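A short write-up of the structure that comes next.
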Amino acid sequence: LAAVALTLVARISPRRIGSLALLLVFVIAPDLGQAAPPEIEAVPAWGGWSRPGRTSELEIRLTSQRREQASLTIRSPSNAIRSTVDLAPGAVGRLAVPVSAEESIVVAVERDGRKGSATDARFSLSESPLLAWVAKGPPPATSAGFHAVAITPAQLPVTSSAYSSIDALVIERQVLASLSQAQLAALLSHLAACGPTVLVSAAPDDEALLRSAVGCGERKFALVRSPAEAGERLAGLLAQSVDLAPETSSLAAAFAPDLTEWHRVVAILAVCAAAVLILGILTSSLLAAVLMPALLAVGAVVLLQTRPVEPQLTVWAETDSGERLARYRGLQRAMIPRRGRVEVAVPEELARPHACGRLRPLEWRWDAADAGFSSASFDGRLFATALLCYAGEFPVARAAVATQVDAGRLTVVNAGASGWPPGRLAWNGRLFEVGTLEAGQGIDIDIAAGVPATRGAESMAMLRTPVDRPSLLWPLDLSQVASAPPGTQAWLLLRAAAAVPR
């Protein structure tokens, strides 16, 4: 190669050598002036452990030599997550993104549309229930059938949905002081969602913060004095049954989808068919008989392709009388009127968005500034239904006491500190109207005056009401949820405190 280069140089005139050098300067100089692509590192939560098919978390660290905006892509066999990150020179940009735990995930960063750095992240998937051990000393060899994994405080996630990766948690009180605010918020959300948790603390008097966030009446929470006692309490926690919010499949069955979009499409097709039929009767022109159906077909296709996707949101929340938190499930439907990529907005106020149903998102959009998903893209098919599901908790302050006075009467008392809006009581397969009740007030209900359930929420209330106590059903006002789509419906079911003899 050196001999060939010297021969070419000897045969080229000095003027041509100068032109060639100038050309090389113009070609190479832009690349020489560019800084190296951002360095990327992906660290999975829980030390890389998760249960198969569950949601975990990746902490992504980006380091750049200049101030720039980089495009980040997290790609797995099931879907992709895209985000845009603002980077400062010398500073480490961090993103904690919930991801589906899979054996291989590729994280790549691009600059100005050109490929840059990339790295792989891998999860170790456990077939046995996972116990996250965040305490001094090694985890016990046998812990009620769990696969115990020792976790450092830095490996705890900052997104609440990542706690679905594990089945139980043992954590020491001293660890809480070293957690960031985001980590502590995710832990409190895990407690509110009734995740089995054992807290190791030698001083139980200062646990007011955690106990105020624990859901399900603390039936999935235990406080022990030493790590040695944790394994013994885990078996007892798992034996406790709790009334969790229903699965989203139950919501889909109880609440019928809005078929308005389908009706519009059918109406458009009927009008086009009627126009073609009338034209065939009134004219004998071959050109009109061919041109008019073609124009109508093109117009119908354009109308379907340009119609916006109108999602429908249903939220169902449940709690027991006197509990501080209500657990909810959300179901967002989007009737797709066309083929091609369809983007559905994710309400920022709803927690833990995830895929559900047979039509899964192809791509999620992660908002780095708000630390949440902003949209999900689906591969649209005509008349297909895109589904997104949500799960979370919110504070409540309602308490109800129900007492059966005699065989024909039931007394319901507002035992809380605030008034009730108008609602309905579900009991023995029938519904009863309950008006506005102030704190301490009660109402007598004639058991023979009830009506059967006719609508989705009322039918759902009947299915979710225990056989030994009535429940109260109220509609929820989601006007404060700015991103909720029009026509959103939300409900709260409160199970009364007292058992009622049948």
Side-chain angles (χ1 to χ4, degrees), residues 38 40 42 44 50 53-60 62 69-86 93 95-123 159 161-162 164 248 305-313 330-391 483 485:
I40 186 170
S50 176
R54 298 192 183 179
T55 300
S56 188
E57 177 187 278
L58 274 182
E59 182 187 8
I60 301 168
L62 298 171
Q69 190 176 75
S71 298
L72 181 72
T73 302
I74 305 171
R75 191 173 298 278
S76 66
S78 59
N79 56 27
I81 301 173
R82 296 189 182 274
S83 182
T84 302
V85 189
D86 293 324
L95 287 86
V97 183
V99 297
S100 177
E102 301 189 39
E103 292 184 349
S104 178
I105 297 177
V106 178
V107 184
V109 63
E110 296 180 357
R111 173 197 291 164
D112 300 329
R114 303 173 64 180
K115 292 183 178 180
S117 305
T119 187
D120 290 338
R122 296 183 178 274
F123 283 93
T159 55
S161 56
S164 68
T248 48
Q305 290 293 115
T306 56
R307 283 197 60 81
V309 176
E310 299 179 356
Q312 309 155 29
L313 178 62
L331 176 65
Q332 185 177 7
R333 291 187 179 98
M335 312 298 289
I336 300 177
R338 60 181 181 271
R339 297 185 63 86
R341 183 68 64 89
V342 174
E343 188 171 8
V344 178
V346 175
E348 61 182 0
E349 291 87 354
L350 297 182
R352 302 173 205 144
H354 57 278
C356 59
R358 290 179 295 178
L359 189 59
R360 303 272 171 161
L362 293 175
E363 184 177 297
W364 293 86
R365 189 71 187 176
W366 179 262
D367 191 328
D370 295 335
F373 289 113
S374 59
S375 65
S377 298
F378 295 83
D379 188 8
R381 299 190 301 272
L382 189 61
F383 298 137
T385 303
L387 298 178
L388 289 177
C389 293
Y390 305 87
S483 55

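Just so we're clear, the structure is a prediction, and the values are computed from it rather than from any experiment.
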Measuring from atom [atom1] of [X] to atom [atom2] of [Y], what distance do you get when rounded to the nearest 0.5 angstrom?
X      : Y      : atom1 : atom2 : value
Leu331 : Leu313 : CG    : CG    : 8.0 Å
Leu387 : Phe378 : CG    : CZ    : 7.5 Å
Ser164 : Glu57  : OG    : CD    : 11.0 Å
Ile81  : Leu58  : CD1   : CG    : 8.0 Å
Arg365 : Thr84  : CZ    : OG1   : 4.0 Å
Tyr390 : Glu349 : OH    : CD    : 10.5 Å

Measure the shortest side-chain to side-chain distance between Leu95 and Glu59 over non-hydrogen atoms and say whether it is less than 4.5 angstrom.
no
Do the side chains of Leu72 and Val97 get nearer than 4.5 Å, heavy atoms only?
no
Could you check Val109 against Val85 for side-chain contact (heavy atoms from CB on, under 4.5 Å), going step by step and ending with a plain yes or no?
CA-CA 10 Å; Val109 63; Val85 189; over 6 Å; no
Minimal non-hydrogen separation, [X] against [Y], with atom names:
X      : Y      : answer
Ala376 : Val346 : N-CG2, 4.2 Å
Arg122 : Pro44  : O-CG, 4.1 Å
Ile105 : Ser100 : CD1-O, 3.6 Å
Val344 : Ala334 : CG2-CB, 3.9 Å
Ser377 : Glu343 : OG-CG, 4.0 Å
Gln332 : Ala345 : NE2-O, 3.1 Å

Using 30° and 60° as the class limits, which term best fits the ring planes of Phe373 and Trp366: parallel, tilted or perpendicular?
perpendicular
Decide side-chain hydrogen bond (donor to acceptor under 3.5 Å, both in side chains) for Ser375 and Arg82; before the verdict, give the C-alpha distance in whole Å, the side-chain angles of both, and the deciding distance to 0.1 Å.
CA-CA 10 Å; Ser375 65; Arg82 296 189 182 274; over 6 Å; no
Residues two or more places apart in sequence or in another chain: which of them pass side chain to side chain donor-acceptor pair (under 3.5 Å) with Glu103?
none
Under 3.5 Å, which donor-acceptor pairs link side chains of residues 350-362 to any protein atom two or more places apart or in another chain?
unit_1: Arg352; atom_1: NE; unit_2: Ser160; atom_2: OG; d: 3.3
unit_1: Arg352; atom_1: NH1; unit_2: Glu393; atom_2: OE2; d: 3.0
unit_1: Arg352; atom_1: NH2; unit_2: Ser189; atom_2: OG; d: 2.6
unit_1: Arg352; atom_1: NH2; unit_2: Glu393; atom_2: OE1; d: 3.0
unit_1: Arg352; atom_1: NH2; unit_2: Glu393; atom_2: OE2; d: 3.2
unit_1: His354; atom_1: ND1; unit_2: Arg352; atom_2: O; d: 2.9
unit_1: His354; atom_1: ND1; unit_2: Cys389; atom_2: O; d: 3.3
unit_1: Arg360; atom_1: NE; unit_2: Gly357; atom_2: O; d: 3.0

Taking Ser117 for its side chain and Pro38 for its backbone only, find out whether a donor-acceptor pair lies under 3.5 Å.
yes
